[in-house]
*Asks:* 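Sharing a structure with you now.
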Amino acid sequence: MSVRRGAGRRPGPCAGSLSAGPSIRPRGTQGRLYNSAPRQNHLSTMIDAKLLRSDTQAVADRLARRGYVFDLDAYRGFEQRRKDLQVRTEQLQAERNAGSKRIGQAKAKGEDASPILADMDRIKTQLAENETQLGALQAEFDDFLARVPNPPHASVPDGKDEDDNVELRRWGEPKAIAAPRDHADLGEALGLMDFAAAAKLTGARFTLLRGGLARLHRALAQFMLDVHTQEHGYEELYVPYIVNATSLRGTGQLPKFGEDLFALQGEQDWRLIPTAEVPVTNLVRDEILAASELPKKWVAHTPCFRSEAGSAGRDTRGMIRQHQFEKVELVQFVRPHESDAALEELCGHAETILQKLELPYRKVILCGGDLGFAAARTYDLEVWLPSQGQYREISSCSNFRDFQARRIMARWRNPATGKPELLHTLNGSGLAVGRTLIAIMENFQQADGSIAIPNALRAYMGGLSSIT
RNA sequence: GGAGGGGUGGCUGAGUGGUCGAAAGCACCGGUCUUGAAAACCGGCGUGUCGAGAGGCACCCAGGGUUCGAAUCCCUGCCCCUCCGCCA
């Protein structure tokens with residue numbers, strides 16, 4: 001079995017948007033899950049249980065495309081046992097309810113209710129036993145289902161890992177730079193990027209920026225926000241950077257990827273956000289949006305905190321992989337039939353930033369095997385880094401279809417049916433700010449070690465044309 | 001941090017042990033009336049799940065408990081509000 005997930009797969013600045021792990025059921029719901037009231041189980045199952053029941057083999061076939069072996073026998077066994085137990089339990093509940101009603105009526109008339117009470121005793125015992133069994137079975141079943149990833153979209157290419165991703169196109173021509181220096185080298189030489197200082201203050205994987213680079217970093221975030229709000233129609237959000245466990249479970253960071261998160265000490269089970277996806281997506285948790293509000297397009301600029309637990313030794317130089325970085329995140333909630341188009345649009349919004357900044361990049365579609373747990377389809381945008389002579393991930397844009405929405409019960413009222421129906425969710429980085437800074441430094445480096453400022457950014461830099 | 005008050009359907013808001021999935025009003029949908037609209041009147045109107053259907057089951061912040069039976073009683077947690085204190 002190879003369940004590959006975003007956060008585990010590539011803990012880059014954008015991978016959080018792909019992450020969503022299998023979930024154990026929420027704490028404290030044991031024994032009450034035989035029914036399906038939304039508040040009681042919506043944080044466990046992500047796969048469409050109905051579709052799975054009606055078209056088991058087809059779902060299994062689709063899952064195989066991402067390298068996930070769906071255990072048909074185990075599934076069918078669970079279904080059979082669950083159904084039997086549930087029917088019996090509900091029959092007993094019906095008996096109990098009817099009996100209780102008769103007792104009430106008898107007492108109201110002043111009759112003797114003791115014959116009925118004796119019978120109730122039997123029912124009560126049997127029912128308790130059935131409920132316990134059903135609760136345990138449901139818990140096991142939910143855990144099984146929660147580990148099933150999102151079936152890939154039909155357009156996703158076959159493949160088992162990163163090497164099988166398909167490049168869709170390239171934009172921009174990498175400049176010929178003789179003996180390109182990397183951003184750490186450039187930044188330190190300018191005296192504006194200080195890893196030693198950050199290490200003194202905190203430790204490894206932090207960066208301190210000064211003067212022009214600190215300003216450029218700020219300018220980038222402002223620029224991205226302005227483009228997305230003014231040209232792409234997103235509403236800007238300011239959100240908490242600390243979230244509770246329920247929110248993290250909603251987007252799938254918990255319980256599977258808990259070690260990638262920084263937890264706060266104290267009485268509350270609070271963590272620092274690994275991506276704005278967590279607060280923004282959870283905003284719609286348990287909500288029913290009006291059709292007139294759709295599509296919902298939100299952009300948020302936040303710091304992101306990641307422990308990078310599984311990445312020891314990877315990208316240790318420079319500020320490619322940090323415990324703290326900033327990101328401008330795009331999130332959309334859309335009507336189901338609009339989500340395919342929305343992914344193209346959202347990815348285009350991220351591309352616009354790269355184009356305006358004149359940064360050469362390529363667009364890649366992830367193959368089935370490289371897809372994050374919750375994603376049905378993902379495009380990665382990779383920016384050219386001259387010092388590495390290769391393209392590196394700077395944005396990851398995914399369509400989750402109804403997978404995340406089911407987990408957080410994000411719905412809309414469909415006027416055609418009058419009923420609440422699941423939304424489709426999408427998100428993507430637009431862009432990772434730290435990596436954009438790096439890309440600008442490396443692509444715009446001058447022979448004398450200074451950094452030219454891309455035209456689009458100069459207004460945000462007080463007219464400055466270069467950092468020296 | 002101290003004291004008190006609350007969490008019920010899209011909204012307001014009744015309901016303190018039984019026939020309550022839950023009064024009433026508003027909103028919304030359909031109809032009658034009207035040249036049209038409004039008003040008025042009639043009807044409908046939560047979610048999930050199982051079932052071919054009839055209908056069953058579950059859900060009144062969450063979890064646990066008492067009871068033949070819990071929106072209602074008890075315990076725990078979370079959240080909100082008011083006053084005092086502190087504070088950017």
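Labels below follow one simple rule: chain letters A, B, ... track the order of the sequence lines, proteins then strands, and each chain is numbered from 1.
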*Asks:* Within a radius of less than 6.0 Å around CZ of A:Arg210, do more than 12 heavy atoms belonging to other residues, nucleotides or ligands occur?
*Replies:*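 No.
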
*Asks:* Rounded to the Å, how far apart are A:Leu134 CG and B:C50 P?
*Replies:*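 In whole Å, B:C50 P and A:Leu134 CG are 13 Å from each other.
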
*Asks:* Less than 6.0 angstrom separating the ring centers of A:Phe223 and A:Tyr460, yes or no?
*Replies:*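 Yes; A:Tyr460 has its ring centre under 6.0 Å from that of A:Phe223.
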
*Asks:* Identify, between A:Arg413 and A:Val87, the residue whose nearest nucleotide on RNA chain B lies closer to the 5' end.
*Replies:*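 Result: A:Arg413.
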
*Asks:* Can you list the steps and then say if A:Arg81 with A:Glu140 is a salt bridge (charged side-chain N to carboxylate O under 4.0 Å, His left out)?
*Replies:* CA-CA 12 Å; A:Arg81 280 185 287 155; A:Glu140 215 184 318; 5.0 Å; no

*Asks:* May I ask which nucleotide in the shown strands pairs with B:A70, Watson-Crick or G-U wobble, both distances under 3.5 Å?
*Replies:*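 Base-paired to nothing in any strand shown.
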
*Asks:* Can you tell me the pairing partner of B:G10 across any strand shown, Watson-Crick or G-U wobble, with both distances under 3.5 angstrom?
*Replies:*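 Answer to the pairing question: B:C26, which forms a Watson-Crick or G-U pair with B:G10.
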
*Asks:* From C-beta outward on A:Lys124, which listed nucleotide comes closest to its side chain: B:U67, B:A58, B:U49?
*Replies:*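 Closest of the options to the side chain of A:Lys124: B:U67.
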
*Asks:* Quick one: does A:Arg458's side chain get under 4.5 Å of A:Ile453's, heavy atoms only?
*Replies:*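 Yes; the side chains approach each other to less than 4.5 Å.
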
*Asks:* Which nucleotide, in any strand shown, forms a Watson-Crick or G-U wobble pair with B:A3, with both distances under 3.5 Å?
*Replies:*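 WC or wobble partner is B:U82.
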
*Asks:* At less than 4.0 Å, is any side-chain N or O atom of A:Arg102 found next to OP1 or OP2 of B:G69? Yes or no.
*Replies:*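 For B:G69, neither OP1 nor OP2 has a side-chain N or O of A:Arg102 closer than 4.0 Å.
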
*Asks:* Could you write out each protein N or O paired with an N or O of nucleotides 17-22 of chain B at a distance under 3.5 Å?
*Replies:*
residue, atom, partner, partner atom, Å
B:G18, N2, A:Ser100, O, 2.7

*Asks:* At less than 4.0 Å, is any side-chain N or O atom of A:Asn244 found next to OP1 or OP2 of B:C79? Yes or no.
*Replies:*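 For B:C79, OP1/OP2 do not have a side-chain N/O of A:Asn244 under 4.0 Å.
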
*Asks:* Are A:Phe400 and A:Phe373, when compared by the centres of their aromatic rings, separated by less than 6.0 Å?
*Replies:*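 No, too far apart.
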
*Asks:* Show the distances under 3.5 angstrom between N or O atoms of the protein and N or O atoms of nucleotides 27-30 of chain B.
*Replies:*
none

*Asks:* Hey, which sits more toward the 5' end of RNA chain B by its nearest nucleotide, A:Asn97 or A:Arg53?
*Replies:*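 Nearer the 5' end of the strand: A:Arg53.
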
*Asks:* Below 4.5 Å, heavy atoms only, C-beta onward: do A:Glu277 and A:Gln404 meet side chain to side chain?
*Replies:*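 Result yes, sub-4.5 Å side-chain heavy-atom pair found.
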
*Asks:* Could you please name the partner base of B:A52, counting Watson-Crick and G-U wobble pairs only when both distances are under 3.5 Å?
*Replies:*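 Its partner is none (no Watson-Crick or G-U wobble pair with both distances under 3.5 Å).
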
*Asks:* Could you tell me the separation between the CG atom of A:Asp286 and the P atom of B:G48, rounded to a whole number of Å?
*Replies:*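 Going from CG in A:Asp286 over to P in B:G48 covers 13 Å.
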
*Asks:* With heavy-atom distances below 4.5 Å as the criterion, would you say the side chains of A:Arg96 and A:Lys124 are in contact?
*Replies:*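 In short, these two side chains do not touch, never coming nearer than 4.5 Å.
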
*Asks:* OP1 or OP2 of B:G56 sitting under 4.0 Å from any side-chain N/O of A:Arg96?
*Replies:*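 Looking at the OP1 and OP2 atoms of B:G56, neither is under 4.0 Å from any side-chain N or O of A:Arg96.
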
*Asks:* Using the C1' atom as the point on both nucleotides, what is the distance between B:C29 and B:C20, in whole Å?
*Replies:*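 Comparing C1' positions in B:C20 and B:C29 gives a spacing of 25 Å.
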
*Asks:* Which nucleotide, if any, forms a Watson-Crick or G-U wobble pair with B:C59, using both distances under 3.5 Å?
*Replies:*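 Across any shown strand, B:C59 pairs with B:G46.
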
*Asks:* With a 4.5 Å limit on heavy-atom distance, are the side chains of A:Leu134 and A:Arg88 in contact?
*Replies:*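 SC-SC contact between A:Leu134 and A:Arg88 ruled out.
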
*Asks:* In whole angstrom, give the distance that lies between atom NZ of A:Lys83 and atom P of B:G56.
*Replies:*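 Spelled out: NZ on A:Lys83 to P on B:G56 is 20 Å.
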
*Asks:* List the residues meeting salt bridge (Lys or Arg N to Asp or Glu O under 4.0 Å) with A:Asp340, not counting sequence neighbours, and say none if there are none.
*Replies:*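 Scan of A:Asp340 (salt bridge (Lys or Arg N to Asp or Glu O under 4.0 Å), adjacent residues dropped) gives A:Arg377, A:Arg401.
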
